[in-house]
Amino acid sequence: MKKNIIAMNASIMIGLGSILAAPSVYAESISNLEKQKESIQEKRSGVESNISETEKKIDNLQDKQMTAEDQIAAIEAKIAESAKKIDAKNAEITQTKKEIEALKEEIKVLKERIAKRNEVLKERALSFQETGGDVNYLEVLFGSSSFGDLVDRVGAVATIAEADRDILKQHELDKKDLEEKQKAVETKLASLEVAKAELLEIQKQQKQQKQEKDALVKKLKQQTEKHEHEKMGLEEEKANLAAQEKAIKSAISLEHQRLAELEAARKKAAAEAKKRAEQAAAQAASQASQATETKKQSTSSGYSAKSNSSSSSSQSSSNVSQAPAVSSGTFTRPSAGYVSSTMGERWNKQHAGIDIAASGTVPVVAAADGVVSRSYFSSSYGNVVFVTHSIGGQQWTTVYAHLSSRQVGEGAVVAKGQQVGIMGNTGHSFGQHLHFELHKGPWNYSKSNAVNPLNYINI
């Protein structure tokens, strides 16, 4: 009997000891959560700084783009001005060519006139050679019949001689005029062609400058789009960090609540232990009766526990009939189906998780106990749920993406195996599946904390 009492008191003290030890475990968990919260706050501050730097880069790029576009507009104005000047030169060249054509006609007439004069002069020279020159004129003079006739003949001879001199003079003037006109139009045409060539070269350089500025603007736009995309990712990361911080605060609150409940349980257990010790001492005289009563209570308690366990198991089985069974270990399988894509390189990008595909209405469950840090619609993830977990002092984040619907909101506390949504095909998705990510630490835009879920979950 005494041995039984000692054994019972030892059992009570062991149970009490385990309860008394629990607060330190919870306190350590709270300390770890506080550290995680501080870490998230630091990362959030860093992300905000990165957003600010990215915004400065975007502003700088946009300023450069505006400057380049202004320069392009100025160059285009110069190109237009050069085009006008080229058109004007083309018009002058066309007009000069018309003048050349007209001059050709004049030259043709002049050449015919010169040819005729050459014939007259040849005849004069031939006559002069055959008659000895002045003899002709003497014969004309001495052949006069009267003085009046002589006067007339002297006037005629003078007129003929003067005409010969005029022909020679005009002949020289026409030749000189022809040469000057030819030289003038040729010089003018050559000058216009040179001016046009210079304008075309200037226009070519201006177009080259415009092409360079266009290429610069294109490059600046691409860089701006890249930084804007980075900014969007950083803002999403900032929102996730804020949600995770909120989830960690909620978890800390829950830990404090559990600690308070544990303290109350500890006091109650201590009081019950003391009471049982007193009852054991008082009933020492009736050991046989007490042993029988204890056996009955133990049998009744065992049956009740078995019944409750069976009922709970049946209810649990009923609740997860369409979901995968909750497995032992840190994480459980998030949904039924087969792995259609693993973690790694895909489409020249890093696939930061695994894809689980199945048809029909497929429940998606939390892989571990945690707090929902985000529940929203993303252009890439579609309907997505983020859950923050604190396991053994380590923060984890799980992501459930492309859901057809979400069944939990931000701040909700979820248990391992609890349904969070239905598998779907929303966001950037090609067919019904669950995109599942596991991050050892908080989620970030670069997904540097992502680990392969297949190393932690048996699927």
Side-chain angles (χ1 to χ4, degrees), residues 49-115 117 169-235 347-349 379 445:
S49 176
N50 289 338
I51 290 173
S52 177
E53 288 298 320
T54 303
E55 287 175 343
K56 289 179 182 178
K57 290 179 182 178
I58 291 171
D59 291 340
N60 184 39
L61 288 169
Q62 288 176 340
D63 288 342
K64 289 181 179 179
Q65 185 177 325
M66 289 178 65
T67 301
E69 287 173 346
D70 290 341
Q71 291 172 345
I72 288 172
I75 291 170
E76 286 176 341
K78 290 180 180 179
I79 291 172
E81 184 65 25
S82 296
K84 287 181 180 179
K85 290 179 179 179
I86 290 169
D87 289 342
K89 291 297 176 186
N90 283 330
E92 287 185 56
I93 289 170
T94 301
Q95 181 60 35
T96 302
K97 287 181 178 179
K98 287 180 180 179
E99 291 175 6
I100 290 172
E101 291 299 321
L103 183 59
K104 285 181 180 178
E105 293 298 322
E106 290 181 24
I107 290 170
K108 183 179 178 182
V109 172
L110 282 172
K111 284 182 177 180
E112 290 174 355
R113 191 180 302 164
I114 289 169
R117 286 172 184 160
K169 184 178 179 180
Q170 188 63 45
H171 192 60
E172 291 299 324
L173 289 174
D174 286 345
K175 286 177 69 177
K176 185 178 179 180
D177 183 52
L178 175 61
E179 290 172 356
E180 287 177 352
K181 284 184 177 181
Q182 281 182 323
K183 185 177 179 180
V185 293
E186 287 172 357
T187 301
K188 182 179 180 181
L189 181 61
S191 176
L192 289 171
E193 293 290 356
V194 169
K196 178 183 175 182
E198 290 175 352
L199 288 170
L200 287 171
E201 181 61 28
I202 291 171
Q203 189 182 59
K204 180 182 177 182
Q205 293 175 0
Q206 290 169 342
K207 287 181 178 180
Q208 179 65 29
Q209 290 174 356
K210 183 179 180 298
Q211 288 178 353
E212 291 173 358
K213 294 298 180 182
D214 286 338
L216 176 60
V217 169
K218 183 179 179 181
K219 182 179 179 181
L220 290 171
K221 284 181 178 180
Q222 289 174 343
Q223 290 177 344
T224 301
E225 289 174 359
K226 177 185 175 184
H227 287 304
E228 285 176 344
H229 183 69
E230 289 176 357
K231 181 185 173 184
M232 288 175 63
L234 289 169
E235 287 176 341
W347 303 330
N348 296 323
K349 294 178 70 176
S379 59
Y445 173 66

Run the side chain to side chain contact (heavy atoms under 4.5 Å, CB included) test on Val194 and Glu198 for me, step by step, so that the C-alpha distance in whole Å, both residues' side-chain angles and the decisive distance to 0.1 Å come before the verdict. CA-CA 6 Å; Val194 169; Glu198 290 175 352; 3.7 Å; yes
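- Note: Asp63 CG to Leu220 CG = 10.5 Å, rounded to the nearest 0.5 Å.
- For the residue pair Gln62 and Thr224, no side-chain donor N or O sits within less than 3.5 Å of a side-chain acceptor on the partner.
- The CD atom of Gln223 sits 10.5 Å away from atom NZ of Lys57, with the distance rounded to the nearest 0.5 Å.
- Put simply, the side chain of Ser191 never gets that close to the backbone of Thr187: no donor and acceptor are under 3.5 Å apart.
- Residues Glu76 and Ile72 form a side-chain contact, since some pair of their non-hydrogen atoms from C-beta on lies under 4.5 Å apart.
- Note that the CD1 atom of Ile79 and the CD atom of Glu81 stand 12.0 Å from one another [nearest 0.5 Å].
- For Lys210 and Asp214, the salt-bridge test passes: some basic side-chain N is under 4.0 Å from an acidic carboxylate O.
- Annotation for Glu193 and Ile93: closest pair OE2-CG2, 3.9 Å, computed over non-hydrogen atoms.
- Between the NZ atom in Lys219 and the CG atom in Leu61 there is a gap of 10.5 Å [rounded to 0.5 Å].
- The side-chain heavy atoms of Lys56 and Glu53, taken from C-beta on, include a pair separated by under 4.5 Å.
- With values rounded to the nearest 0.5 angstrom, Ile75 atom CD1 is found 11.5 Å from Gln205 atom CD.
- Partner of Val217 under the side-chain contact (heavy atoms from CB on, under 4.5 Å) criterion, chosen from Gln65, Lys64, Gln71: Gln65.
- Of the inter-residue distances, the one linking Gln203 atom CD with Ile86 atom CD1 reads 4.0 Å to the nearest 0.5 angstrom.
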